[in-house]
Amino acid sequence: MTEAYAPQLPAPIATRPRTIVRRTRGNRHGPVTRLMSPGDLGQLLKPFVFLDLFDMDTASFPGIGLHPHSGIATVTYLFEGAIRYEDTAGATGVLPAGGVEWFKAGHGAWHGGGPGDTGRSRGFQLWLALPPEQELGPVENIVLAPDAVAPDGPARVLVGTHGGATSSLTAPASLNYLAVRLRAGESWRYQQAIGHTVCWVALSTGRLRVPERVEAGELAIFEPSNDAIDVDAEADAEFMLGSAVAHPHDLVLGQYSVHTSAATLRAGEQRIREIHRRLQTEGRL
């Protein structure tokens, strides 16, 4: 009798935990903590070039007036509260907790805002460097209501794709940006896309093991790798996670702008000056 053939399955491939290569608590300015800027960690984490963690109310931070940008997109997300926003392309409104404001400055625009009417507001604002074909493109402002943000387990996919969820926002390059909530004792695995060797996590509240401990207020940067990241919550935690293919272009910096060349920076700043003159004529500055 011929014995039945039993196929030999390959042994599972052992992977080692991702190592944290750098961490920071940034620089605090009142209710806002700047965790990265284009002139420091943004050079390491590009296309992620700027990240603010804010925890504010109307007394500590009444708002910020119109100010200019070019060459970047901003992504604002709240875990708590609400904020007002406006820009010179005509967008205005209130962003609630769980919603996303996507503001693509492109060739140049001004925007501003401040706390809404909920008292405390807590969340993150991110800047993304744009590739050359988009850095002088049109201005875009898209606001996603909380129920329009794609969920994937405990994560919400603000930009990009993870698991079975894809954001309705069009990413300027291959990147993911997620907001995650975990209860104490819960675990979650992040598997980034192939080529996403840039990866970081930033905590608003709580404490995680990844497997090294990361605490509230920290930004932790992982070694370049395509290995998954296993996250265990030691306390109730709310955090952001970003991963991307590394931005292959230089960061050419202005006061409010990030471009890939001196020529595109000049063009963006020229557009900003034109809008400035218009705002002065209208009495808005």
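Since the model is a prediction, treat every value here as computed from it, not as a measurement.
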Inspect the contact between Arg284 and Glu86 and indicate whether a charged nitrogen and a carboxylate oxygen are less than 4.0 angstrom apart. yes
CZ-OG1 distance between Phe124 and Thr33, expressed to the nearest 0.5 angstrom: 9.5 Å
Do Pro96 and Pro146 make a side-chain contact, defined as non-hydrogen atoms from C-beta onward lying under 4.5 Å apart? yes
Mind telling me whether Tyr177 and Trp200 have parallel, tilted or perpendicular rings, with 30° and 60° as the class edges? tilted
In terms of the angle between their ring planes, are His247 and His249 parallel, tilted or perpendicular, with boundaries placed at 30° and 60°? perpendicular
Does a salt bridge link Arg266 with Glu269, judged by any charged N lying under 4.0 Å from a carboxylate O? no
Salt bridge check, Asp57 against Arg120: does any charged N sit closer than 4.0 Å to a carboxylate O? no
Fellow cluster residues of Val258, listed by chain then number, with links counted only when side-chain atoms sit under 4.5 Å apart: Val49, Phe50, Ile72, Trp127, Leu251, Leu253
Taking side-chain hydrogen bond (donor to acceptor under 3.5 Å, both in side chains) as the test, write out the residues that go with Asp236, two or more places apart. Arg183
Taking NZ, NE, NH1 and NH2 as the nitrogens, is one of them in Arg278 or Glu274 under 4.0 Å from a carboxylate oxygen of the other? no
So Phe103 and His111, would you call those rings parallel, tilted or perpendicular, with 30° and 60° as cut-offs? parallel
Do Arg181 and Glu238 meet the salt-bridge criterion of a basic N to acidic O distance under 4.0 Å? yes
Test Trp110 against His276 for ring-ring contact (aromatic ring centres under 6.0 Å, His included), laying out the working first. CA-CA 8 Å; Trp110 291 57; His276 181 259; 5.5 Å; yes
Is there a side-chain contact between Val231 and Phe239 in this structure, where contact means two heavy atoms from C-beta onward sitting under 4.5 Å apart? yes
Kindly indicate whether the side chain of Asp230, heavy atoms from C-beta on, has any atom under 4.5 Å from the side chain of Val210. no
